[in-house]
Amino acid sequence: MKTAQDIIIAPVITEQSMEAIALRKYTFKVSKNANKIEIAKAVEAVFPGTKVEKVNTMNCHGKLKRMGRYQGYTSNWKKAIVTLTEDSKAIEFFESMQ
C-alpha cells in the first residue's frame with residue numbers, strides 16, 4: 001500500500017497555480033498511478049485540518065530536450081489540482097509564498 005508521501009511528490013509553483021490559491025485550489029505533482037480518491041486522502045493526511053472538495057488530474061507529457069546533437073524526452077508526470085472546502089484550513093506552505 002502506498003503512503004501519503006509516496007502519492008504527493010511535490011507542489012507545483014507557477015504563476016497560474018499561485019493565482020488559483022485565492023480560489024482554494026492547490027496544485028501538486030503526484031504519482032502517475034494514483035487515482036483521485038487516493039490523492040484526496042493523501043492531501044488530508046499530509047496537511048491536517050484540510051478537507052478536500054474535489055480533485056482534478058491530468059497527465060503531462062514529457063518535453064523534447066536537446067543536448068548538442070543528442071535529443072530525448074523528459075519524463076511524463078501527473079498533475080493534480082485539489083480544491084478545498086470553504087470551512088477547510090488553508091495549506092500554510094502555499095500561503096507563505098504569496
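Computed from a predicted model, the values in this text were never measured in an experiment. Numbers here simply count residues along the sequence, with the first being 1.
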Pairing residues for [X] by the side-chain contact (heavy atoms from CB on, under 4.5 Å) criterion, not counting sequence neighbours:
{"X": "T50", "answer": "V43, E44, F47, L84, S88, I91"}
{"X": "M67", "answer": "none"}
{"X": "K36", "answer": "V55, T57"}
{"X": "N76", "answer": "K32, H61"}

Cut-off 3.5 Å, no hydrogens considered: what does the side-chain donor-acceptor table look like for residues 3-14, sequence neighbours left out?
unit_1: T3; atom_1: OG1; unit_2: D6; atom_2: N; d: 3.4
unit_1: T3; atom_1: OG1; unit_2: D6; atom_2: OD2; d: 3.1
unit_1: D6; atom_1: OD2; unit_2: T3; atom_2: N; d: 3.4
unit_1: T14; atom_1: OG1; unit_2: S17; atom_2: N; d: 3.2
unit_1: T14; atom_1: OG1; unit_2: S17; atom_2: OG; d: 3.1

Starting from the C-alpha separation in whole Å, work towards a yes-or-no answer on side chain to side chain contact (heavy atoms under 4.5 Å, CB included) for K79 and K29. CA-CA 5 Å; K79 177 166 60 171; K29 181 177 180 180; over 6 Å; no

To the nearest 0.5 Å, tell me how far [X] [atom1] sits from [Y] [atom2].
{"X": "T83", "Y": "K25", "atom1": "OG1", "atom2": "NZ", "answer": "5.0 Å"}
{"X": "T85", "Y": "K54", "atom1": "OG1", "atom2": "NZ", "answer": "13.0 Å"}
{"X": "C60", "Y": "K78", "atom1": "SG", "atom2": "NZ", "answer": "10.5 Å"}

If you count the non-hydrogen atoms of other residues, nucleotides and ligands that lie under 6.0 Å from CD1 in I37, is the total more than 12? no

When clusters are formed from ILVMFWY side-chain contacts under 4.5 Å, directly or step by step, what else is grouped with Y73? L64

Under a side-chain separation threshold of 4.5 Å, the hydrophobic residues clustered together with M58 are I81

Within residues 58-74 or reaching into it, pairs that qualify as salt bridge (charged side-chain N to carboxylate O under 4.0 Å, His left out) - sequence neighbours excluded: none

What class does the angle between the rings of Y26 and F94 fall in, given that below 30° is parallel, 30 to 60° is tilted and above 60° is perpendicular? tilted

E92: salt bridge (charged side-chain N to carboxylate O under 4.0 Å, His left out) partners, not counting sequence neighbours: K89

Could you list the residues that satisfy side-chain hydrogen bond (donor to acceptor under 3.5 Å, both in side chains) with E38, not counting sequence neighbours? K2

